[in-house]
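Whatever order the structure lists them in is the order used to number ligands and atoms, beginning at 1. The basis for the numbers below is simple: all heavy atoms, side chains too, and nothing from hydrogens, waters or symmetry mates.
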Amino acid sequence: MQLTNTLTMKKEELVPHQPGVIKMYTCGPTVYSYAHIGNLRSYLMEDVLEKALRYEGFQVDRAMNITDVGHLTSDADTGEDKMLKGARREHKSVLELAAFYTNAFFADCEKLNIRRPDTVVPATGCIGDFIQLVSALLDKGFAYQAGGNVYFDTSKLTDYYVFGNQNAEDLAVGVREGVELDGNKRNKTDFVLWFTKSKFEDQELKWESPWGLGYPGWHIECSAISIKNLGEYLDIHCGGIDNAFPHHTNEIAQSEAYLGHPWCKYWFHVLHLNDGGGKISKSKGAKLTVSLLEEKGYNPLVYRLFCLQSHYRKPLVFSFDSLDNAASAYHKLTARVAALAKDGEPDQEAAKPWQEKFQASLANDLNTSLALTALYDMLKSDLSDATKRFLVGDFDRVLSLDLLQAAEKQNAQEPQVPEELAREIEALIEKRAQARKAKDWAAADAIRDELAARHVVLKDTPAGVQWHIEG
Ligand code: AMP
Ligand code: ZN
């Protein structure tokens with residue numbers, strides 16, 4: 001498996017610390033509102049990565065945090081806690097808010113067939129671990145106390161800006177909101193490990209610590225949760241590209257200072273989902289959720305296909321027009337699978353080169369669009385239907401598009417259409433065929449519109465027009 005490592009900005013062969021086992025950490029959601037489909041692009045591509053690694057035969061141990069404390073509205077450590085602000089907005093306690101949006105997040109993930117990581121840990125459940133890590137950093141001289149808070153001293157590091165090849169715009173995302181600098185900091189890039197003092201004194205959740213009653217900074221939670229659950233050597237750390245700076249940069253700083261050796265070898269960053277106006281963000285794009293797609297009549301897996309059609313290292317522009325194209329592609333794909341005969345045994349030998357082709361596409365920096373091409377080519381090939389069905393199921397271990405189930409549903413729908421209605425539809429299709437023959441395009445189009453209004457989907461096959469009712 002080759003992946004683009006943001007640490008080096010090169011495509012590199014993945015060699016795990018322990019042969020055959022991948023330790024993978026994912027920055028979890030900040031649960032103060034619904035995840036938007038941009039956030040979910042990151043989780044979706046991370047899910048594909050995990051499944052592609054399993055397809056290659058790796059064991060994957062994956063952990064993810066849930067950020068329910070410490071993520072401030074400003075990355076410059078001067079803002080208000082996002083959770084507290086959300087709780088006030090919704091007249092809930094912080095923990096109620098966290099429980100509500102954590103459940104909503106996993107419900108969205110389930111709809112998109114995003115597997116829940118083996119270990120999911122809320123930050124508020126690990127306060128003791130954060131205190132232990134901060135204490136060790138103070139002991140080792142990498143941290144200092146000032147104005148009631150504990151700060152990481154970035155001047156103690158030889159190399160701080162590890163993601164050196166990032167463009168200025170990505171770096172700016174991290175500091176953009178931080179108009180006001182924290183005067184306690186010895187260096188501009190220092191960051192808070194533990195707060196006891198902030199402008200916002202009404203923090204709801206506070207814990208006893210050697211430095212007073214307070215709460216952890218955002219970055220410390222990922223280092224502590226990752227090291228606790230996955231050990232001292234991490235293979236892959238994932239996240240959206242906006243997290244590269246300052247969040248991941250700070251994670252590396254404090255983890256390596258604490259451990260005394262390099263920590264994570266590969267950094268997997270997913271580029272943003274944008275709309276016409278730029279990056280979709282929670283403040284701006286709060287309404288662009290999985291529920292909204294469902295309300296508009298889209299199967300959430302159509303969004304999954306939409307994401308798979310593009311490379312994770314490229315920004316992706318979202319529009320409902322392009323989602324419509326993905327919906328039509330999804331329908332065509334499942335119709336193709338639905339047309340495969342169900343009897344017979346798959347030919348494993350004949351399947352092998354196709355599995356290799358599929359795997360090679362994913363191993364090429366997770367090239368999901370190439371993997372989809374392998375699927376399309378396979379369906380067009382002269383393999384037996386049984387072998388094709390076997391391969392569809394096999395590829396879907398990674399793609400997770402529910403292709404066999406959707407095809408099953410599609411097949412089951414046809415006999416359910418009442419006979420009278422079926423006859424009516426058949427008659428209209430025949431009338432349309434006649435109109436086309438007579439080159440009466442207006443009449444043919446009018447019939448097509450009428451059929452579309454009844455959700456009738458037509459499919460031209462060598463055996464004539466086939467149809468089914470969608471939805
Ligand atoms: P948050 O819940 O804000 O902590 O973000 C959760 C994840 O979504 C992080 O990995 C972010 O980097 C990622 N993310 C945020 N906005 C986008 C976007 N527009 N496109 C892709 N990923 C995003
Ligand atoms: Zn993180």
Inspect the contact between [Y] and [X] and indicate whether a charged nitrogen and a carboxylate oxygen are less than 4.0 angstrom apart.
X	Y	result
Lys10	Glu12	no
Lys51	Asp47	yes
Lys409	Asp402	no
Lys111	Glu294	yes

Report task. Would you indicate which of Val270, Leu44, Ile37, Asn39 comes nearest to atom 15 (C) of ligand 1 when only heavy atoms are counted? Result ->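 Minimum heavy-atom distance to atom 15 (C) of ligand 1 goes to Asn39.
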Query - Identity of the nearest option to atom 10 (O) of ligand 1, non-hydrogen atoms only, from Gly240, Pro315, Cys238, Pro29 - result: Gly240
Query raised in the report: Tell me, which pairs form a ring pair (Phe, Tyr, Trp, His ring centres under 6.0 Å) where one or both residues lie in residues 1-29, sequence neighbours left out?
Result: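 Output for this query lists His17-Tyr233, Tyr25-His237.
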Donor-acceptor contacts, no H, no angles, side chain residues 138-146, under 3.5 Å, sequence neighbours left out:
| residue | atom | partner | partner atom | Å |
| --- | --- | --- | --- | --- |
| Lys140 | NZ | Tyr258 | O | 3.0 |
| Tyr144 | OH | Arg186 | N | 2.8 |
| Tyr144 | OH | Asp190 | OD2 | 2.6 |

Do any N/O atoms on [X] end up under 3.5 angstrom from N/O atoms on ligand 1?
X	result
Thr30	yes
Ser42	yes
Leu271	no

Report task. Within a distance under 4.0 Å of any heavy atom of His272, pick out the atoms of ligand 1 and give their elements. Result ->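 Every atom of ligand 1 under 4.0 Å from some heavy atom of His272: 17 (C), 18 (C), 19 (N), 20 (N), 21 (C), 22 (N), 23 (C).
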Query raised in the report: Among Thr4, Asn5, Asn364, which residue meets the side-chain hydrogen bond (donor to acceptor under 3.5 Å, both in side chains) test with Lys11?
Result: Asn364
Query raised in the report: Does Phe105 have its ring centroid less than 6.0 Å away from the ring centroid of Tyr43?
Result: yes
Report summary line: A correct count of protein N/O/S atoms found below 2.8 Å of the Zn ion (ligand 2) gives 4
Report task. Would you please determine whether Asn243 falls within less than 4.0 Å of ligand 1 on a heavy-atom basis? Result -> yes
Query raised in the report: Is the closest heavy atom of Asp242 to ligand 1 under 4.0 Å?
Result: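 It does, in that a heavy atom of Asp242 comes within the 4.0 Å cut-off of ligand 1.
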Query raised in the report: Tell me the salt bridge (charged side-chain N to carboxylate O under 4.0 Å, His left out) pairs involving residues 225-238, sequence neighbours left out?
Result: Asp129-Lys228
Query raised in the report: Passes side chain to side chain donor-acceptor pair (under 3.5 Å), Lys197 versus Asn184? Steps please.
Result: CA-CA 11 Å; Lys197 290 260 176 325; Asn184 293 320; over 6 Å; no
